[in-house]
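One structure below.
Residues take their numbers from the sequence shown, with the count starting at 1.
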Amino acid sequence: MKFGVLVFPGSNCDRDVAYVTRDLLGQPTRMVWHQETDIADLDVIIIPGGFSYGDYLRCGAIARFSPVMQQVIAHAESGKFVLGICNGFQVLTEAGLLPGALTRNQDLHFICDRAPLTVERTDIPWTQAYSTNETITLPIAHGEGRFYADKSTLAALEDHGQVVFRYAGDNPNGSLNNIAGICNRQGNVLGMMPHPERASDASLGPTDGLRLFQGLLGKIAVMA
């Protein structure tokens, strides 16, 4: 499986993600500059965290117009896999690949912490290595991580089982329905505010995040 990690001006978690996919999991990984327009060789696109374009205007609002994003949309629509982490989640909502929006944290403060999450679904490729309703802990680092959607959109997300992760216990940012991560209806596109790549190296601590990537690899191996 070949991974592509997008790089925007202001990305700062791109190398962290590549370390996980390339060095920890041994998968071919290519850094994809935002002006590229050919990603046909890639199986999985990861949009990493950071501050694309300095978070000017709105987080992710400028990045969605980068040339590579039209290819990412086509990649997702063809059924291939896309993961957006933190700023990447914001980009996915701005690009229309996921519903809702990420807004300023309810206390208007930047949060850098670890957060317990409940795994809501284990029947999509990304979460194969978790147990349903399992509590995991992942780092968070964001100023605009409060998930918001209108009532009808929120109801549709719940009705179609698109909530993948919820904050367990205290809600750190005021996200509606404690939402920390959602997927599209097909399950191939996942967006999440917590950082799985920062909880993947056993030499640094717990590895709850590594299982996200391992689950995807395991699912693909079965499909092959």
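- Taking CG of D16 as the start and OG of S200 as the end, the distance is 9.5 Å to the nearest 0.5 Å.
- By the 4.0 Å N-to-carboxylate-O rule, R211 lies close enough to E134 to be salt-bridged with it.
- Of all the heavy atoms in H75 and F81, the pair that sits closest is NE2-O, 3.0 Å.
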Before giving the answer on side chain to side chain contact (heavy atoms under 4.5 Å, CB included), spell out for N171 and R166 the whole-Å C-alpha distance, their side-chain angles and the decisive distance to 0.1 Å. CA-CA 9 Å; N171 183 328; R166 295 187 204 268; over 6 Å; no
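- Using a 4.5 Å heavy-atom cutoff, the side chains of T207 and D201 are not in contact.
- Taking 4.5 Å as the limit, some side-chain heavy atom of V5 sits within range of a side-chain heavy atom of T29.
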Please test M69 against I47 for side chain to side chain contact (heavy atoms under 4.5 Å, CB included), starting from the C-alpha separation and ending with a verdict. CA-CA 10 Å; M69 285 307 299; I47 310 177; 4.2 Å; yes
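- Summarising the geometry, atom CZ belonging to R185 is positioned 12.0 Å from atom CG belonging to L98; distances are rounded to the nearest 0.5 Å.
- Side chains of V44 and M1 form a contact here, defined as non-hydrogen atoms less than 4.5 Å apart.
- In this structure the side chain of H34 reaches within 4.5 angstrom of the side chain of P9, judged on heavy atoms.
- Two residues are said to be in side-chain contact when any heavy atoms from C-beta on lie closer than 4.5 Å; P99 and L157 meet this criterion.
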Evaluate the side chain to side chain donor-acceptor pair (under 3.5 Å) criterion for residues E158 and N177: first the C-alpha distance (whole Å), next the side-chain angles of each, then the deciding distance (0.1 Å), finally the verdict. CA-CA 9 Å; E158 298 288 0; N177 290 22; 2.7 Å; yes
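- A donor-acceptor contact shorter than 3.5 Å is absent between the side chain of N105 and the backbone of D107.
- At least one side-chain heavy atom of R15 sits less than 4.5 Å from a side-chain heavy atom of M31.
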What verdict does the side chain to side chain contact (heavy atoms under 4.5 Å, CB included) test give for N133 and V119, after you've listed the backbone C-alpha separation in whole Å, the side-chain angles of each residue and the deciding distance to 0.1 Å? CA-CA 5 Å; N133 296 323; V119 181; over 6 Å; no
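- Under a hydrophobic clustering in which Ile, Leu, Val, Met, Phe, Trp and Tyr are joined whenever their side-chain heavy atoms come within less than 4.5 Å, directly or via other members, I46 and W33 fall into the same cluster.
- The shortest side-chain heavy-atom distance between F89 and I182 falls under the 4.5 Å cut-off.
- Among the candidates F165, F147, Y167, the single residue satisfying the side-chain contact (heavy atoms from CB on, under 4.5 Å) test with M193 is Y167.
- Between the side chain of R22 and the main chain of G26, no donor-acceptor pair closer than 3.5 Å is present.
- Closest approach of F8 and S52 over heavy atoms only: CB-CB, 3.8 Å.
- Annotation: the span from R64 atom CZ to Q90 atom CD amounts to 14.5 Å, rounded to 0.5 Å.
- Residues G145 and S175 come closest through the heavy atom pair O-OG, 3.2 Å.
- The nearest pair of heavy atoms linking D43 to K80 is O-CB, 3.8 Å.
- Counting heavy-atom neighbours within 6.0 Å of D170 CG, excluding the residue itself, gives a total of 12 or less.
- The two residues A76 and L97 come nearest to each other via the heavy atoms CB-CD2, 3.9 Å.
- Annotation: side chain of L102 is in contact with side chain of T93 (closest heavy-atom distance under 4.5 Å).
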Yes or no on side chain to side chain donor-acceptor pair (under 3.5 Å) for T132 and T122, after CA distance, side-chain angles and deciding distance? CA-CA 6 Å; T132 305; T122 57; 2.9 Å; yes
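- The only member of L212, I124, I179, T118 that meets side-chain contact (heavy atoms from CB on, under 4.5 Å) when paired with V164 is I124.
- Taking CE of M192 as the reference point, atom CD1 of I140 lies at 11.5 Å (rounded to 0.5 Å).
- Ion pair D41/K2 flagged as a salt bridge, since at least one NZ, NE, NH1 or NH2 atom sits closer than 4.0 Å to an Asp/Glu carboxylate oxygen.
- Take T103 and apply the side chain to side chain contact (heavy atoms under 4.5 Å, CB included) test, not counting sequence neighbours, and it matches R146, Y148.
- Atom CG of L216 sits about 9.0 Å away from atom CG of L83, to the nearest 0.5 Å.
- Nearest approach of V72 to I39, heavy atoms of both residues: N-CD1, 3.9 Å.
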Check the pair Y130 / D208 against side chain to side chain donor-acceptor pair (under 3.5 Å), numbers first and verdict last. CA-CA 9 Å; Y130 299 116; D208 283 344; over 6 Å; no
Evaluate the side chain to side chain contact (heavy atoms under 4.5 Å, CB included) criterion for residues L42 and R30: first the C-alpha distance (whole Å), next the side-chain angles of each, then the deciding distance (0.1 Å), finally the verdict. CA-CA 8 Å; L42 302 173; R30 180 162 74 86; 3.8 Å; yes
Chi angles and distances behind the side chain to side chain donor-acceptor pair (under 3.5 Å) call for D14, S11: CA-CA 6 Å; D14 43 0; S11 296; 4.7 Å; no
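- Of the residues E144, H142, Q106, H109, the one that meets the side chain to side chain donor-acceptor pair (under 3.5 Å) test with N173 is H142.
- Remark: E197 CD to C13 SG distance equals 5.5 Å, nearest 0.5 Å.
- Under the 4.5 Å side-chain heavy-atom criterion for ILVMFWY residues, no single connected hydrophobic cluster contains both F51 and L92.
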